[in-house]
Enquirer: 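The structure follows.
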Amino acid sequence: MSQTAEPVVKTSPPALREKYHCLIGGKLVGAESGETFPSFNPATGEKLADVPACDARDIDRAAQAAQNAFPAWRKLSPAERGTYCRRFAERLRARKDVYAALDTLDLGSPFNMMRVDVASAANQIDYYAGLGSELKGETIPSGAQTFSFTLREPFGVVAKITPFNHPIMFAARVAAPLVAGNTLIVKPAEQTPISALEMVHDLKEIFPPGVVNVVSGDGPSAGAPLVQHALVRRIAFTGSVEVGRAIMRSAADGLKTVSLELGGKNPMIVFPDVDLDRAVASAFNGMNYTWSQGQSCGSTSRVFLHSDIHDAFVVKLLEKVKTVRIGMPIDEKTEMGCLVSEQQFNKVMSYIEIGKKEGAKVMIGGGRPSNPDLQRGYFVEPTIFDGVEQRMRLAQEEIFGPVQSIITWNDLDQVTEMANSVMYGLTASIWCRDFSKAYRMAQEIQAGFVWINDSSKHFLGVPFGGYKQSGLGREECLADLLSYTQVKSINVNVS
Ligand code: NAI
Ligand code: MG
């Protein structure tokens with residue numbers, strides 16, 4: 001495959017490479033053990049490629065390479081580091097269709113939306129590339145005899161561990177640690193490693209050797225040693241709460257700085273005064289049925305409907321969901337693809353069974369689509385439960401699939417309490433025309449990212465991250481860039 005902008009034929013698979021490599025110290029390498037593991041297309045069950053199965057030895061090589069590259073990289077100005085990052089963003093845009101098609105094949109999300117993921121990563125890189133001058137310190141008045149000032153310095157080697165649900169979008173977001181002067185090791189999820197291993201060819205051409213390294217492998221063999229490696233001082237993780245906890249525990253031994261972007265069971269609270277069509281569209285978009293089949297941490301998976309509008313809202317939402325075109329993800333006309341793996345499929349199907357047993361009512365969906373062409377893949381229909389109650393697991397646990405629960409409310413205090421009574425606190429969507437009411441609720445909601453009369457959208461510069469067990473730290477903003485630095489205070493005796 002060529003490295004230049006070359007539109008692929010969008011409805012046919014892109015050329016997969018004969019062989020996939022990691023990138024360590026500027027070299028394309030396999031695992032030292034020679035081991036590989038397969039990655040599958042979840043829409044067809046076909047094997048796409050074998051990729052390196054890295055273990056602690058490869059992690060050690062990558063950490064040494066990143067450490068060796070660090071002194072020269074940190075000496076560049078932030079603007080120079082930003083220029084490297086911008087070139088990478090340009091390359092992502094030029095090869096957008098290649099990256100998008102690889103993610104579509106490896107993950108099962110619709111091609112058109114994977115193009116949006118690539119563009120989003122590129123835009124985020126440009127954003128941080130332009131923020132280098134904000135890596136500034138302070139001067140502090142320490143009296144006439146002393147000049148006190150601070151510097152923001154990089155940590156050294158940063159590890160970035162990413163989940164399966166938006167593979168290239170997460171793996172390619174390299175700019176915050178790099179512009180801050182760190183070097184980087186990226187480990188993509190084992191279900192969807194291919195786009196990150198395609199990315200190594202662009203990284204290799206653009207960055208000095210060792211500045212960005214990419215290793216593939218699973219959690220226990222590659223992720224855990226990466227977190228534990230003595231040279232790794234800062235860890236950025238996106239994924240499940242369970243693994244987030246394990247990483248934090250393990251990082252405690254080396255007292256490493258950790259940021260965690262974890263799951264959500266996000267409420268959308270609809271007041272009776274809303275424009276129903278807009279609110280319904282927002283409930284639909286917020287669930288990310290047509291982006292990730294609901295496999296996104298910010299999805300509005302709990303919809304709290306005021307009893308006055310409950311029935312009309314549900315009718316409209318079902319009408320909307322009925323129109324979704326489920327199909328082969330690589331087909332440009334497809335709006336909704338399949339889940340990433342058999343494991344994820346079984347998890348979602350088991351929650352659907354749990355919901356039924358608990359007494360909630362399936363209003364639409366609840367199984368595989370009947371289309372005979374889709375029977376080999378992990379397809380699940382968009383599924384809406386009504387009559388969900390707070391005590392049900394359906395109302396408490398993150399399903400990470402196309403399953404949305406409807407809960408009816410009448411009392412403002414009660415709905416706020418219900419919205420808050422889960423262990424998560426990532427996003428919330430409040431639909432209400434009366435701004436003072438909406439704002440009052442926004443203040444009471446335990447979530448790190450709240451929309452009023454909207455859902456789903458992110459905005460560069462606006463901090464994204466979780467309350468409670470949805471995570472630690474904020475991304476997509478200046479604070480994220482600064483979180484890749486540590487402060488040094490210097491005090492000069494000027495007497
Ligand atoms: P996961 O948390 O198991 O894996 C995410 C990443 O962590 C992968 O790269 C994995 O290899 C790595 N990892 C696993 N164990 C590790 C360890 N001990 N040390 C270091 N790294 C380790 O998430 P997975 O399996 O992809 O999805 C499971 C569930 O996690 C989903 O069903 C969903 O509930 C949640 N999730 C939330 C996401 C979010 O965006 N907040 C994204 C993906 C998953
Ligand atoms: Mg795969």
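Remember, it's 1-based here, ligands and their atoms both numbered in the order they're listed. In this chain, residues are counted from 1 in sequence order.
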Enquirer: Enumerate the atoms of ligand 1 whose separation from the nearest heavy atom of Asn165 is less than 4.0 angstrom.
Expert: 40 (O), 42 (C)

Enquirer: Does Asp218 approach ligand 1 within less than 4.0 angstrom via side chain, backbone, both or neither, non-hydrogen atoms only?
Expert: backbone

Enquirer: Give me the nearest non-hydrogen protein atom to atom 11 (O) of ligand 1 as residue plus atom name, then the distance to 0.1 Å.
Expert: Glu190 OE1, 2.6 Å

Enquirer: Closest non-hydrogen protein atom to atom 21 (N) of ligand 1, residue and atom name please, with distance?
Expert: Gly223 CA, 3.5 Å

Enquirer: Would you mind listing which atoms of ligand 1 come within a distance below 4.0 Å of any non-hydrogen atom of Ala224?
Expert: 19 (N), 20 (C)

Enquirer: If you have a sec, work out which protein heavy atom is nearest atom 31 (C) of ligand 1 and how many Å separate them, to one decimal?
Expert: Phe400 CD2, 3.5 Å

Enquirer: Heavy-atom distances under 4.0 Å decide this one: backbone, side chain, both or neither, for Thr162 against ligand 1?
Expert: backbone

Enquirer: Does ligand 1 have a heavy atom under 4.0 Å from the side chain of Gln295, from its backbone, from both, or from neither?
Expert: neither

Enquirer: Determine all donor-acceptor pairs shorter than 3.5 Å in which one atom belongs to a side chain in residues 456-468; sequence neighbours excluded.
Expert:
unit_1	atom_1	unit_2	atom_2	d
Lys457	NZ	Asp454	OD1	3.3
Lys457	NZ	Asp454	OD2	2.9
His458	ND1	Glu476	OE1	2.9
His458	ND1	Glu476	OE2	3.2
Lys468	NZ	Asn420	O	2.6
Lys468	NZ	Val422	O	2.9
Lys468	NZ	Gln446	OE1	2.8

Enquirer: Tell me whether Arg95 forms a cation-pi arrangement with Tyr99, defined as NZ or CZ under 6.0 Å from the six-membered ring centre and within 45 degrees of its axis.
Expert: yes

Enquirer: Out of all atoms in ligand 1, which are within 4.0 Å of some heavy atom of Glu398? Include the element for each.
Expert: 33 (C), 34 (O), 35 (C)

Enquirer: Taking side-chain contact (heavy atoms from CB on, under 4.5 Å) as the test, write out the residues that go with Ala119, two or more places apart.
Expert: Lys96

Enquirer: Everything protein-side that's N, O or S and under 2.8 Å from the Mg ion (ligand 2): list it, residue and atom.
Expert: Phe40 O, Asp106 O, Asp106 OD1, Gln191 O

Enquirer: If the cut-off is 4.0 Å to any non-hydrogen atom of Gly263, which atoms of ligand 1 fall inside it?
Expert: 41 (N)

Enquirer: What part of Leu262, side chain, backbone, both or neither, has a heavy atom within less than 4.0 angstrom of ligand 1?
Expert: backbone

Enquirer: Hey, is Gln191 one of the residues with a heavy atom under 4.0 angstrom from ligand 1?
Expert: yes

Enquirer: Does ligand 1 have an atom under 4.0 Å from some heavy atom of Pro188?
Expert: yes

Enquirer: Which atoms of ligand 1 have any heavy atom of Cys297 under 4.0 Å away?
Expert: 39 (C), 40 (O), 41 (N)

Enquirer: For atom 13 (N) of ligand 1, what is the closest protein heavy atom, and at what distance to 0.1 Å?
Expert: Gly219 CA, 3.5 Å

Enquirer: What atoms of ligand 1 come closer than 4.0 angstrom to any heavy atom of Gln344?
Expert: 32 (O)

Enquirer: Does atom 4 (O) of ligand 1 have a protein non-hydrogen atom under 4.0 Å from it?
Expert: no

Enquirer: For atom 1 (P) of ligand 1, grab the closest protein heavy atom and report residue, atom and distance to one decimal in Å.
Expert: Ser240 OG, 3.5 Å

Enquirer: Answer with yes or no after comparing the ring centroid distance for Phe449 and Trp451 against a 6.0 Å cut-off, counting only values under it.
Expert: yes

Enquirer: For Pro163, take its heavy atoms, then give the atoms of ligand 1 lying under 4.0 Å from any of them.
Expert: 42 (C), 43 (C)

Enquirer: Out of curiosity, is Lys347 lining ligand 1, as in a heavy atom under 4.0 Å away?
Expert: yes

Enquirer: What atoms in ligand 1 come closer than 4.0 Å to a heavy atom of Glu261?
Expert: 41 (N)

Enquirer: Quick check for you: to the nearest 0.5 Å, what is the distance between His166 atom NE2 and Ser109 atom OG?
Expert: 7.0 Å

Enquirer: Determine whether the aromatic ring centres of Tyr484 and Phe155 lie less than 6.0 Å apart.
Expert: no

Enquirer: Taking the six-membered ring where the residue is Trp, are the ring centres of Phe400 and Phe164 under 6.0 Å apart?
Expert: yes

Enquirer: What part of Ala246, side chain from CB on, backbone N/CA/C/O, both or neither, has a heavy atom under 4.0 Å from ligand 1?
Expert: neither

Enquirer: Determine all donor-acceptor pairs shorter than 3.5 Å in which one atom belongs to a side chain in residues 219-229; sequence neighbours excluded.
Expert:
unit_1	atom_1	unit_2	atom_2	d
Ser221	OG	Asp218	OD1	3.1
His229	ND1	Leu231	N	3.1
His229	NE2	Asp60	OD1	2.6

Enquirer: What is the closest protein heavy atom to atom 26 (O) of ligand 1, and at what distance does it sit?
Expert: Phe164 CD2, 2.9 Å

Enquirer: Distance from Ser341 atom OG to Gln344 atom CD, nearest 0.5 Å?
Expert: 5.5 Å

